[in-house]
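Only one structure is covered here, and it is reproduced in the block below.
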Amino acid sequence: MEKKVLFTYIDDPAQVKVETYVGHGGYTAWQKALKQMKPADVIDEVKKSGLRGRGGAGFPAGLKWSFVPKDSPKPRYLICNADESEPGTCKDRVLMEHDPHGVIEGMAIASYAIGSHLCFIYIRGEFGGPIRCMEQAVKEAYAKGYLGKNVFGTGYDLDMIVHTGGGAYICGEETALLNSLEGERGMSRIRPPFPAIEGLYACPTVVNNVETLASVPHIINNGAEWYTSMGTEKSAGTKIFSLSGHVNKPGNYELELGTPLSYLINDLGGGIKDGLKLKAVIPGGSSTPFLLPDQLDTKLDYESIAAAGSMLGSGGVIVLHEKTCIVWVIERLIHFYRHESCGKCTPCREGTGWLEQLISRIERGEGKPGDLEKIESICDNILGRTVCPLGDAAVMPIQSALKLFRDEWQYHIDNKRCLVKSEFAFA
Amino acid sequence: MSSADDNKVTLTIDGREVTVPRGMTVLEAAKSIGIEIPTFCWHPKLKPVGACRMCYVEIEKMPKLAVSCATEAMPGMVVHTDSDLVKQGRRAVLEFILLNHPLDCPTCDKGGECDLQDLTFAHGIDDSQFDFNKYRFIRDKKSTFDDYRLGPEIIRNQNRCILCYKCVRSNKEVFGEYDLGAFQRGNITEIDTGPGQQVDSIYSGNLVEICPVGALTNTDWRYNIRVWKTQKVNSICQYCADGCNLTLWKDRQKIYRATSRRNDAIDEGWICNRGRYGYQIANAEGRLTVPLIKRGERQENATWDEAIELIARRFKEIKDKKGGVCIGGLAYPGLDSASLYAFSKLFRTILNSNNVDFRIDYKMLPEEPGDLYTQITSRKFSIAGIENSDVVLVIGSNLINEHPITNLRVRKVVTQKGAKLYTLNPFATKSGDISTDEIIYRAGTVEALINGLCVSIVEQKLASDTVDASKLATRVEPNTVAQAAKISGVEADRIVGLAQALGEAKHITLITGELLSTSITRDAITAAIMNLALLCGMAENGQIGFLSKYANSKGAEKLGVMPLLSDSLIAEMKTLWGGYPEQKGLGADRMILSAKKEEIDALFVMGSDPMLCYPDGQFVREGIEKLDFLVVADLFETRTTQMADVVLPLSSIAEMSGDFVNLEGTVQHFDQAIKPLGQSMPGYDICNKIASALKEPLFESVARMQPDIMRLLLREENPEIQRELREVKTSVEQASGEYTVPLFVVDQAHHFAHLTERSKSLSAFCSEAHLELSPSMAEKLHAETGTLIRVESEVGKVILPVIISEHIDNDVAVVTRNFSANPVNDLQMRKQRVDYVRLTRVEEK
C-alpha cells in the first residue's frame, strides 16, 4: 500500500530549508549516529533493516558498507550516485529537489559508518534544479555545522562535494562514475577490484543511490525493526515508483515493497488512459523485461518481480496501452542504448549499433526475412559478455519483446507496417 | 602448506595442470605453458581493461564466458580455451569488430603484420551477416578515406581503429602524457588529440607500434614498403646510454623503420622517438661518401689512398719532429667499441701518444685517474633495479631528455609501485611532474643543498650507523640547514622534509645526469653526493647511477679512451700491446688549449663535432685554427669537418656490426643492416688504414681483435669506496654585472648531439635551436612563442626564437645545442661553473 516515509514532507515546499527540515525532526539521526553509535553499530543497524540498493541491483546496503576494509591506511570515500538517467525513472530527482537535507543526512551517516571524511554527490549534468537545490542545501548544512569540521562537537570531520556529471547514461554505472569523478572518460572498469577495495583514486569507496541513502536516517531514527515491519521478508521497507506512460495519473508514488502492481497502476495511477486496454508494463526502468496484463497481480518486490520474469530495477514503471507498437518502443530504446554505449567493449559498442540498424529498418517497414533471428543471435552475443550491465540492459527488453510479441514483429516484416494502430506517442 | 606454496596457485588449462604465481591472470598462466589466447587490447605492460573481449575462456562453474586477461588464476580452476562456446564467443567478437572495418588490407601498411588479419585468419568466419553500409568517418566532406595527422609523425585512419585503446592507455599509464584521448561515444568513438594539442612527446612513436591494426601509422613507413619485403636486423639505439634494443627493418640498401625489440632488463618494449626515427641518418641526404683533401681553400674529392698517404705523412713528420705528444685524438663516445679501441690503440701503439679523449662536451675536467667520480661510475647500476626502490632521487638531470627510457622506469616505480620521486634541479623539468617534491636550487649551489640534506639527516638522527657521522659538521660547508637554505634558495623545511624521506627510505636509487657530469665542480658535488649516500645507507640498500650520456660512453671508459688511466688498466694494455706511452696524456680541453699554444700540431677527430658541441665555441675555434693538420672522420659535413685538412667518410652504426656498453655496463651487440655507404668506412678500418700506412696494422680482422675488446669491456673494477665523510666546501659564483640569467645548454628532447638533425622525422618535431623560458621570464621580455631574443654572454651572442616552457618557472635560459645553424656553445665559457647571459628582444625593423 502507499506508505510515506521518504515522501512524508515531499509536498511541503519549505522542506528544502534546513530550518524546516530540522523542525520536522531532521539531522537527529545524524546526531544520534555520531554521538551514540559506533560506525559498526550503524552498519549493523542498516544490515538488520534489510535496506537494499534502490539504484537497480538491489544489493543489501549494510553488506556493501561492511566490505570496506577496516585496516586500510588509505582514505575512504562515500559517493552518492545521483546520475539518475534510466529512462522511466525520476525518483531521485524528486528527493533532491524537495528533500535535499534527507539525502545529505543519509550521506553523512553512511560516511560515518564507513569512516569517510570526504563524500561526493555525483549529479547528472542535465539536472539543473536538483543541482541548485543540493548545492544550496549543502551550503546550509555547512553553515549549521552538520557538515565541516568537528560536527556536533564530536571531533568528526566531514566534507561534502556536489559534483555534476557531463550527461552520460554510463556514468550511473558505479565504476564509470568513479572514472568520471576522477576526470577520466566515463567508461566502466573491470571488476575485481571492487570499489569497496579500490574505488575512487584507488581508495576504498562506497557508491550508493540517492534513495538508498535517503532511507538511512529513517532507519537510524526508528530502528531496523520498524523498517522491516514494512515490506516483505526479503524486500523490507518502502520504495518510490515512478509511474509513467499510458496512465491517467503518472507520478512518483512511495509504496511498501510487496504492493501489487495493479494497485499502483489502477488505484494510484487512475487506470489506463483513454479507457484503453493495457498491453504491457516495463516494471523497473527501460532495461527490464516486459510484464503482461495477466501479471498485474505481481507484487512489487525484488523476489516477486524476478519470479514473474522481470526485475524491480530502479522502480521506473512504464505502462503501455494496446495502441502501442512494440517495435516502435524497442526502436526508441535501442536508439537510446546505442547512443549511450560508452564505446569500451566490443559487443556492446558494435552490437547496439547493429541492433539499432536492424530494428529501425523493421520499424521503417524495410525488414527482411531472417532479421528476427539475426537480432536474437546478436542479443545472445551481447548478453553476459560485456564489461558492465549496459549491454545486458540494452538487450533484455529486446529479447523480452521478441519473445512476448513475436507476431507483431513478424507482421512488421511481412506487411511493412504496424500490427496495431500506433499512436507513436506517450502521454 | 608452506609459505612458498601460498604464493602459488595450481589450475587446469585445457586439461593441463599448471602452477603459477598468485596474482597472475588466466591469460598469462595459459601463455606460460604455451597456450596462446587471442587478444587485441591486452598488453603485457599495461593494466588489463577487458575491452576487446577476444580473450574469452570458459571456466567451469562460472556462468558466463570470462575474459582471461582480467581474470585472476585461482586454485582449482578448470579452464577451457578452445571449447565450442569459446570459439563461438571469439567469432562473435570478430564479427562485431569487422562490422564497420574497411577491410582495405591491400592499401593498409599494417597488412602482413596486423593482429586483426591474423586473428580473423585463425578464428574468424569468412562471411558476415552484416548487410548495411559500413560506417565511415568523414572529414572535410571530401572523402570517406580518413587520414588525419595526430602529430608530426602520426597519421590516424579512424575507420580502421578497433578501439582497443592501447594508444591512449599507454600514453597515460606509461608515458604520463594526456595529449591523446577518446572522443564521442559508442561505435562512433574517435581517437584524437586534445583540443589544440599534438601528439608530439618523445614517446609518441610507441603509440604507432602498439596499434594492433593500421589505424595509426607513421610517416616514415607509410606507403613505402610491404612488411614482407623487409628483413629484420637486430640493433641497439645510439642516441643515449640507455641502450634500448631495436629492430631495423630493411630492404637491400635502405632502412625503412626501427621498432622496439623488447628487453625487460632495459626498455620493456618502449623506445623514444630518437631511437625510432634516428636510423634515418644512415640514408639521409648529404652523407659523406668519399674522402676530401683540402687544397688551397677548397676541400676536394680524393681517393682513400691519397688521403691515407697524406695523413700518414703529416703524422709522421710531426711525430718525428716533435713527438707523438703533439698529436691528439677526440673520439665520439657514440661509436662502436671496436672503433674506439682501434682509435686508442692507434694513438698509443703507433703514434706513441696518450692524448685521447672521448669526453667531448665536457667542461674543464680534473685530470686525475681514479677520482671518486670514476670510482662511482665504474660500479654497477641496474635500470630494472630502480623497481626495488621506495625513493628515487634525481640530482642535476633532465632525465626525460637525457635518458628517456630510464625515465620510464622511474615513472613506473613511482606511479605503479608507490615509490617517491624527488628531483633536485636548477630548473623544473618534465620528469618532475610526478615528484613528491621538485626542488629547484639556485644555479651552481647544488653541493650546498646536498650538505644541508646531510646535516639534516644527522640532526634528525636518521643517519646510517655504518658511517661515523660525528665529523660531518667539520668537513662540510655550509654545515647548517639554515645556511644551506640561504645559499641554495630552497626553503629549510623542504630540505628537512627531503632529508627525512631519504633517512627513512628503505632502498634509494640516486640518479645524476649531465648537469653534474659536465660541471667544473664535479669533484665537490660528487663528494657531497657520496656523503649523502653514506648517510642514507645507500651502499647497503640502494644504488647510485651517475648516468653516462652517450651510447658507448661506458665502453669508451672501459676501453681507456681517456688520457689518464688507472694502473690496473694500464697494466692490461701493456699485456695486450706489449707497450704503453710514457708521457702523461692530455684531456680534450687541454688538447685544445695546447693547440692554441701551438703545443699540439695535429688532431684526429673521429665522429664528433667539437665546434658545435664542445663548450666555449670561441675557445675551440681558436684552438683548431692554430692546428697544422686536422683530420676529421664523420658521416656528414659538420662545422668541424669544414675546417679539416682531410675529411674521411665514416660509416654509420647501421653499416657495421659491433657493440655498445650501456649505462648499466651491459655489453650489447648490434648487427650490420646495410653495406657502408659509398666509400665510407667504419672507424676501426680507418684507424687500421692509418696505422698500416704509418707502421703496421692494428689487427688482422675485427673478429680477431674482439677477444681483446671483450677482455677490457668485461673487466670489473668495482672499487671499494671508502666509508668516510668527505670534505665539501661550497664555492658560489655570483652573476656579474649585466649578465644575470643562468644559462643551460642542453640537448633538445628529440635530438642528440650533432647527428639527429639529419633525420627527417626528428626534424619534423624540431628543426632549429630554441631559447626555452619560463612564462614569467617571457612576459618580462614581452616575448611570445617565436619571438626572437638576443642571448649574449661575455664571450658570445646568438639570436634564438623563444619557446615558452610548460615546466620551467624560474629565471633561467635553456638553449638547445643540436643544430649546426646555431652554435650556441659560443655562449659558454670553459672556466665558468655557471654561464650567465643577458636576454634582449630583437626589435623588428
Side-chain angles (χ1 to χ4, degrees), chain A residues 74 166-171 175 179 183-193 202 335-358 360-361 366 368 370-371 373-375 377-388 390-392 394, chain B residues 25 40-41 47-56 62-67 69-72 74 85 88-101 128-135 161-165 168-169 172 178 181-191 415-416 418:
Chain A
K74 295 177 178 174
Y169 173 69
I170 188 66
C171 292
T175 58
N179 274 347
E184 296 282 330
R185 179 177 163 90
M187 295 207 288
S188 48
R189 301 176 180 172
I190 44 168
R191 281 167 284 205
H335 175 71
F336 172 81
Y337 287 110
R338 196 276 299 153
H339 184 254
E340 295 296 344
S341 173
C342 79
K344 179 172 180 174
C345 66
T346 310
C348 173
R349 180 184 74 228
E350 304 295 338
T352 53
W354 193 4
L355 284 172
E356 190 197 20
Q357 285 174 298
L358 283 166
S360 319
R361 98 170 161 202
E366 296 164 9
K368 295 179 183 171
D371 276 1
E373 291 71 23
K374 220 183 259 185
I375 291 172
S377 95
I378 297 169
C379 288
D380 287 343
N381 288 333
I382 297 176
L383 190 74
R385 293 191 180 173
T386 53
V387 175
C388 80
L390 196 150
D392 296 353
Chain B
T25 61
F40 290 111
C41 72
K47 285 183 217 143
V49 290
C52 73
R53 317 306 277 183
M54 192 63 195
C55 67
Y56 286 135
M62 283 198 184
K64 304 187 263 188
L65 286 175
V67 281
C69 73
T71 305
E72 190 180 331
M74 289 297 185
L85 184 62
Q88 188 278 330
R90 279 178 199 155
R91 271 202 306 273
V93 168
L94 281 168
E95 184 176 27
F96 280 139
I97 289 178
L98 291 171
L99 289 184
N100 290 298
H101 187 85
S128 171
Q129 303 180 69
F130 185 73
D131 54 1
F132 295 92
N133 288 333
K134 287 176 186 263
Y135 183 81
C161 177
I162 61 164
L163 292 170
C164 68
Y165 299 99
V168 181
R169 286 154 59 207
K172 284 184 190 172
Y178 286 77
F183 295 78
Q184 303 294 343
R185 270 199 307 252
N187 59 358
I188 57 163
T189 303
E190 279 186 63
I191 304 297
T415 57
Q416 293 179 27

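Note: hydrogens, waters and symmetry copies are ignored here, and every other heavy atom, side chains too, is used. All chains are named by letter (A, B, ...) in the order of the sequence lines, taking the proteins before the strands, and each is independently numbered beginning at 1.
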Where does [X] contact chain A at under 4.5 Å (heavy atoms): side chain, backbone, both or neither?
| X | result |
| --- | --- |
| B:Lys47 | neither |
| B:Tyr178 | side chain |
| B:Leu99 | side chain |
| B:Glu95 | side chain |
| B:Pro63 | neither |

Report which part of [X] has an atom under 4.5 Å of a heavy atom belonging to chain B: side chain, backbone, both, or neither.
| X | value |
| --- | --- |
| A:Arg189 | neither |
| A:Leu358 | both |
| A:Ile378 | both |

Residue selection (most heavy-atom pairs with chain B, distance under 4.5 Å) from [options]:
| options | value |
| --- | --- |
| A:Arg185, A:Met187, A:Glu184 | A:Arg185 |
| A:Ala168, A:Gly186, A:Cys345 | A:Cys345 |
| A:Gly351, A:Ser377, A:Cys348 | A:Gly351 |
| A:Pro347, A:Gly384, A:Gly370 | A:Pro347 |

Note to self: Measuring from atom CZ of A:Arg349 to atom CD1 of B:Ile162, what distance do you get when rounded to the nearest 0.5 angstrom?
What the structure shows: 7.5 Å

Item checked: Set of ring-ring contact (aromatic ring centres under 6.0 Å, His included) partners for B:Phe132, sequence neighbours left out -> B:Phe130

Notebook entry, point to check: Do A:Arg338 and A:Glu356 meet the salt-bridge criterion of a basic N to acidic O distance under 4.0 Å?
Noted result: yes

Note to self: Between the side chains of A:Asp392 and A:Arg385, is the shortest nitrogen-to-carboxylate-oxygen separation below 4.0 Å, so that they form an ion pair?
What the structure shows: no

[X] side chain to [Y] main-chain N or O, any donor-acceptor pair under 3.5 Å?
| X | Y | value |
| --- | --- | --- |
| B:Arg53 | B:Ala66 | no |
| A:Lys344 | A:Val387 | no |
| B:Lys134 | B:Leu98 | yes |
| A:Thr175 | A:Ser188 | no |

